[in-house]
Asks: 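Structure provided below as structure tokens; questions to follow.
Sequence lines set the chain letters: A, B, ... in the order given, protein chains first and strands last, and positions in each chain run from 1. Quick caveat: nothing in here was measured; it's all calculated off a predicted structure.
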Amino acid sequence: MNNKVRVRFAPSPTGGLHLGGVRTVLYNYLFAKHHGGEFILRIEDTDQSRYVSGAEEYIFETLKWCGLEPDESAVHGGNFGPYRQSERKELYRKYGEELVNKGLAYYAFDTAQELDEMRNRLRTDTNPNPQYDHSVRMQMRNSLSLSKEETDSLLQSNTPHVIRIKIPDNETISFTDMIRGEVSFDTSIVDDKVLLKGDGMPTYHLAVVVDDYLMQITHAFRGEEWLPSSPVHILLWRYLFGEEAMPQWAHLPLILGPNGKLSKRDGAKYGFPVFSMNWQDPKTGEVTEGFKERGFLPQAFINMLAVLGWNDGTEQEIFTLDELAAKFTIEKVHKGGAKFDYEKAKWFNHEWIKKLPASQYINEVKKEFENKGLSNINHDYFERILNLVKERCTLLSDFYPQSYFFFKSPVEIDNTPIKAKWNQDKSAFFSTFAKALTSISDWNATSIETLFKQLAEQASIKAGELQLPLRLMLVGGKFGPPVFEIADILGKEETVARIHYAVDLFDK
RNA sequence: GCCGCGUUCGUCUAAGGGUUAGGACACCACCCUUUCACGGUGGUGAUACGGGUUCGAAUCCCGUACGCGGUACCA
């Protein structure tokens with residue numbers, strides 16, 4: 001076995017991927033690339049009752065959009081498959097039985113009712129959540145409390161059962177987390193977790209250990225909600241494959257919403273996306289909005305997630321994926337949970353819209369224009385416009401309101417900003433200007449502006465006083481890029497037509 | 001309840017015994033610009049609390065508070 005870095009992201013296909021999930025993918029990916037290692041995607045679909053159709057496809061689409069393609073997965077292939085735990089079902093039982101044979105685990109025949117009964121019986125104010133552990137295991141129906149004969153006969157008659165790990169009591173288990181350092185637990189408060197379920201599927205606890213071993217995972221990153229169950233996993237490693245073979249672990253801090261743990265409800269409540277892409281629940285039809293559809297660039301989304309809980313030690317904040325891969329180290333991951341800030345997320349997107357040439361996102365924007373009824377847009381013309389207005393756009397969806405006027409002549413113009421100062425002289429100026437424009441031979445922003453200023457001086461009107469009216473004529477509102485640039489792009493004919501139209505309107 | 005993890009401006013964070021506690025987002029002011037932005041300059045604003053250790057603590061130790069997570073045949 002070589003010592004090449006191998007990491008995995010192991011989602012459970014139960015719905016859309018939210019911020020925290022994508023960040024976990026990202027950190028896995030960055031760590032792998034940083035070390036020239038491999039990034040594996042493993043689907044943890046061991047709970048058939050929670051399976052949601054479409055969720056797996058969604059995960060792959062998200063990775064594609066983000067540019068975080070796995071080296072190995074159910075769709076990318078690889079030598080350590082299958083990469084779906086449901087397809088590995090047969091593998092797990094033998095490890096469970098190996099543990100039972102070694103006396104480190106046991107068969108348990110308790111029904112759901114019996115478990116309820118035990119918990120109700122033991123529940124008190126100081127122990128609201130009784131566990132199935134060393135203190136009660138001998139009172140339950142399992143291969144420890146039952147005789148060998150009873151157990152065998154139950155097994156032979158196919159009595160539904162699970163395999164539980166037999167957690168030793170009074171032992172301290174510790175490990176070194178790459179982010180948190182030394183962490184330890186007392187096993188007497190750990191319960192005898194189910195390893196193999198009644199339906200023959202493994203639980204997460206068994207599956208993650210077996211698969212991380214079989215897939216030769218060297219470093220494992222997961223959310224900090226897993227920290228409390230780490231002693232179970234360590235014991236499993238010790239019992240099955242040896243602790244030396246165990247991957248190094250890093251428990252990532254959680255991403256929080258405005259009120260604690262970030263949930264998709266927060267998105268609806270506070271008006272920001274929490275999923276990477278739109279997710280429609282196949283059962284309820286409910287749609288949860290995604291960053292993609294909100295108008296985020298994948299580069300910005302990734303960048304924002306990367307620095308939510310990580311920094312490279314300098315003051316740099318804008319990073320490309322390649323830069324991140326080059327600079328990412330797990331030691332620089334912050335220990336505390338991070339509250340997601342939508343305002344800052346938007347800032348990242350704005351920065352990326354400005355940084356990238358419009359050609360990188362022109363197709364997405366064009367799609368939106370088409371949806372709004374503007375089709376047959378000339379590609380080069382459109383690209384020029386996007387580059388001109390991009391610094392005013394925070395989201396991709398801002399491009400339409402910032403530039404639709406290039407494609408639609410203003411019809412109703414609100415002239416209140418200039419109404420008080422509009423007079424005969426100005427009206428005359430614009431008529432002269434329009435006429436003069438017709439004969440410009442070299443049509444560009446500078447020549448238009450020069451002409452405009454010359455004529456203004458001849459008419460003894462301050463050029464500044466004429467700029468806002470001109471803007472209103474060409475744009476229809478008090479916004480947009482520099483007026484002469486607009487005239488330049490609009491072209492001679494259209495510019496002149498808009499001026500004539502508006503002069504008539506303002507004169508009324 | 002018990003166990004674990006965490007805690008620096010409103011938010012994301014830097015500073016791993018000696019700094020006027022730095023940067024970014026947001027906010028405010030001014031400049032640039034006779035649109036809206038971009039940009040520039042400046043400003044408001046933080047080491048949760050209490051004890052130690054030390055010449056010296058945001059930094060190390062202990063306690064408290066608060067937050068989050070876990071306590072399923074879910075992951």
Side-chain angles (χ1 to χ4, degrees), chain A residues 10-14 44-47 49-50 85 108 110-112 115 119 123-133 160-164 177 179-180 183-186 188-191 193-205 207-208 222-231 251 253-254 256 258-261 304 307-318 332 334-348 350-351 354 389-394 398 402 417 462-472 474-475 477-483 486:
Chain A
S12 158
T14 53
E44 308 223 332
D45 54 351
T46 53
D47 186 355
S49 67
R50 293 213 311 163
Q85 288 181 333
D110 314 278
T111 62
L115 291 173
R119 293 196 173 102
R123 183 159 15 242
T124 62
D125 284 348
T126 56
N127 181 19
N129 297 300
Q131 302 190 124
Y132 196 125
D133 61 15
H161 64 276
V162 301
I163 292 180
R164 283 180 183 271
D177 185 277
I179 294 173
R180 290 151 214 282
V183 181
S184 50
F185 301 86
D186 183 345
S188 48
I189 51 93
V190 178
D191 62 331
K193 287 260 181 290
V194 169
L195 263 22
L196 202 72
K197 301 188 264 190
D199 62 3
M201 277 289 201
T203 57
Y204 171 83
H205 308 293
V208 74
R222 51 174 22 169
E224 74 171 314
E225 70 269 24
W226 289 109
L227 208 41
S229 55
S230 58
H251 288 88
L254 265 19
L256 310 170
N259 294 304
K261 193 181 170 185
M304 176 272 289
V307 298
L308 193 57
W310 172 86
N311 73 88
D312 73 341
T314 73
E315 282 171 1
Q316 182 175 351
E317 296 209 78
I318 302 297
K332 288 297 239 173
H334 195 79
K335 291 180 178 68
K339 198 175 286 186
F340 171 66
D341 180 3
Y342 185 54
E343 292 305 319
K344 185 116 189 199
K346 283 195 293 191
W347 175 77
F348 277 107
H350 191 188
E351 291 300 307
K354 285 188 288 175
V389 304
K390 66 182 188 178
E391 69 194 26
R392 272 147 250 264
C393 299
T394 297
D398 291 331
Q402 283 296 336
K462 274 193 267 179
E465 289 214 10
L466 296 163
Q467 277 198 35
L468 189 55
L470 179 60
R471 169 173 301 279
L472 255 27
L474 301 185
V475 175
K478 264 184 87 172
F479 65 94
V483 249
I486 295 173

Asks: Applying ring pair (Phe, Tyr, Trp, His ring centres under 6.0 Å), name anything that partners A:F185, two or more places apart in sequence or on another chain.
Replies: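 Ring pair (Phe, Tyr, Trp, His ring centres under 6.0 Å) list for A:F185, sorted by chain: empty.
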Asks: Could you run through nucleotides 18-26 of chain B and give me one letter per nucleotide, 5' to 3': B if any protein heavy atom sits under 4.0 Å from the base, S if only the sugar-phosphate is that close, - if neither?
Replies: ----SSBB-
Asks: Rounded to the nearest Å, what distance is computed from the NZ atom of residue A:K346 to the P atom of nucleotide B:C27?
Replies: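 Taking atom P of B:C27 as the reference, NZ of A:K346 is at 9 Å.
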Asks: Taking all non-hydrogen atoms of both residues into account, name the closest pair between A:D177 and A:H251 and its distance.
Replies: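 Between these two residues, the closest heavy atoms are OD2-ND1, 2.7 Å.
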Asks: B:C5: syn or anti, with syn meaning chi within 90° of zero?
Replies: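 Glycosidic conformation of B:C5: anti.
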Asks: For nucleotides B:A46 and B:U41, find the distance between their C1' atoms and express it as a whole number of Å.
Replies: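 After rounding to an integer number of Å, I get 24 Å for this pair.
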Asks: Who passes side-chain hydrogen bond (donor to acceptor under 3.5 Å, both in side chains) against A:D110, sequence neighbours left out?
Replies: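 Partners of A:D110 under the side-chain hydrogen bond (donor to acceptor under 3.5 Å, both in side chains) test: A:Y132.
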Asks: Measuring only the C1' atom in each nucleotide, how far is B:G51 from B:G45? A whole number of Å is fine.
Replies: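 Their C1' atoms lie roughly 28 Å apart.
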Asks: Can you list the residues that meet the salt bridge (Lys or Arg N to Asp or Glu O under 4.0 Å) rule with A:D191, with sequence neighbours excluded?
Replies: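 Expected list: A:K193.
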Asks: Look at the side-chain N and O atoms of A:K197 and state whether any lies under 4.0 Å from the OP1 or OP2 oxygen of B:A75.
Replies: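 For B:A75, OP1/OP2 do have a side-chain N/O of A:K197 under 4.0 Å.
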Asks: Should B:A14 form a Watson-Crick or G-U wobble pair with both distances under 3.5 Å, which nucleotide is its partner?
Replies: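 By the stated definition (distances under 3.5 Å), nothing pairs with B:A14.
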Asks: Taking the side chain of A:K354 as its heavy atoms from C-beta onward, which of B:C38, B:U34, B:U7 lies nearest to it?
Replies: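 For the A:K354 side chain, the nearest candidate turns out to be B:C38.
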Asks: For B:C27, what is the paired nucleotide under Watson-Crick or G-U wobble rules, both distances under 3.5 Å?
Replies: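 B:C27 is paired, partner B:G43.
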Asks: Any side-chain N or O of A:N311 less than 4.0 Å from the OP1 or OP2 oxygen of B:A14?
Replies: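 So the side chain of A:N311 is within the cut-off, an N or O lying under 4.0 Å from OP1 or OP2 of B:A14.
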Asks: About how many Å separate NZ of A:K346 and CE of A:M304, when rounded to the nearest 0.5 Å?
Replies: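 It is 12.5 Å, given to the nearest 0.5 Å.
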Asks: Roughly how many Å apart are B:C62 and B:U53, using the C1' atom of each and rounding to a whole number?
Replies: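 About 11 Å, rounded to a whole number of Å.
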Asks: Of all residues at least two apart in sequence or in a different chain, which pass the ring pair (Phe, Tyr, Trp, His ring centres under 6.0 Å) check with A:W347?
Replies: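 Partners of A:W347 by the ring pair (Phe, Tyr, Trp, His ring centres under 6.0 Å) criterion come out as none, since no residue qualifies.
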Asks: Please state the P separation for the pair B:G4 and B:C9 - nearest whole angstrom.
Replies: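 It works out to 26 Å between them.
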Asks: Classify every nucleotide of nucleotides 62-68 of chain B by which part a protein heavy atom approaches to under 4.0 Å, writing B for the base, S for the sugar-phosphate alone and - for neither, in 5'-to-3' order.
Replies: ------S
Asks: Mind checking what makes salt bridge (Lys or Arg N to Asp or Glu O under 4.0 Å) contact with A:R180, not counting sequence neighbours?
Replies: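 Testing A:R180 for salt bridge (Lys or Arg N to Asp or Glu O under 4.0 Å), a comparison that skips the adjacent residues, returns A:E224.
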Asks: Sequence neighbours left out, what passes salt bridge (Lys or Arg N to Asp or Glu O under 4.0 Å) with A:E465? Give chain and number order.
Replies: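 For A:E465, the residues satisfying salt bridge (Lys or Arg N to Asp or Glu O under 4.0 Å) (neighbours in sequence not counted) are A:K426.
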Asks: What is the base-pairing partner of B:G50, counting Watson-Crick and G-U wobble geometry with both distances under 3.5 Å?
Replies: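 B:G50 is paired, partner B:C62.
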Asks: From the options B:G69, B:U35, B:C5, select the nucleotide whose nearest atom is closest to the side chain of A:E225.
Replies: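 The nucleotide sitting nearest to the side chain is B:G69.
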Asks: Please determine, for the side chain of A:A338, which listed nucleotide (B:U71, B:U13, B:C73) has the closest atom?
Replies: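 Selected nucleotide: B:U13.
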Asks: At a cut-off of 3.5 Å, list every protein nitrogen or oxygen paired with a nitrogen or oxygen from nucleotides 41-47 of chain B, distance to 0.1 Å.
Replies:
none

Asks: Considering only B:C73, B:U13, B:G69, which nucleotide approaches the side chain of A:R164 most closely?
Replies: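 Closest nucleotide to the A:R164 side chain: B:C73.
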Asks: Looking only at the side chain of A:K332 (C-beta and beyond, no hydrogens), which of the listed nucleotides B:U71, B:A14, B:C3 gets closest?
Replies: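 Nearest listed nucleotide: B:A14.
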Asks: Holding to side-chain hydrogen bond (donor to acceptor under 3.5 Å, both in side chains), I want the full list of residues that pass it with A:D199, two or more places apart in sequence or in another chain.
Replies: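 Result, side-chain hydrogen bond (donor to acceptor under 3.5 Å, both in side chains) vs A:D199: none returned.
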Asks: Let me know the distance between NZ of A:K339 and C1' of B:U11, rounded to the nearest Å.
Replies: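 So the NZ-C1' distance, A:K339 to B:U11, works out to 8 Å.
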Asks: Applying ring pair (Phe, Tyr, Trp, His ring centres under 6.0 Å), name anything that partners A:H350, two or more places apart in sequence or on another chain.
Replies: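 A:H350 satisfies ring pair (Phe, Tyr, Trp, His ring centres under 6.0 Å) with no residue once adjacent residues are dropped.
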Asks: Side-chain donor-acceptor pairs under 3.5 Å in residues 310-318 of chain A, sequence neighbours left out?
Replies:
from   : atom 1 : to     : atom 2 : distance (Å)
A:W310 : NE1    : A:T329 : O      : 3.3
A:N311 : OD1    : A:G313 : N      : 2.6
A:D312 : OD1    : A:T314 : N      : 2.9
A:D312 : OD1    : A:T314 : OG1    : 2.7
A:D312 : OD2    : A:T314 : OG1    : 3.1
A:T314 : OG1    : A:Q316 : N      : 3.1
A:Q316 : OE1    : A:K327 : NZ     : 3.0
A:Q316 : NE2    : A:I318 : O      : 2.9
A:Q316 : NE2    : A:E323 : OE2    : 3.3
A:E317 : OE1    : A:K344 : NZ     : 3.2

Asks: B:A14 phosphate, OP1 or OP2: any side-chain N/O from A:H334 under 4.0 angstrom?
Replies: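 So the side chain of A:H334 is within the cut-off, an N or O lying under 4.0 Å from OP1 or OP2 of B:A14.
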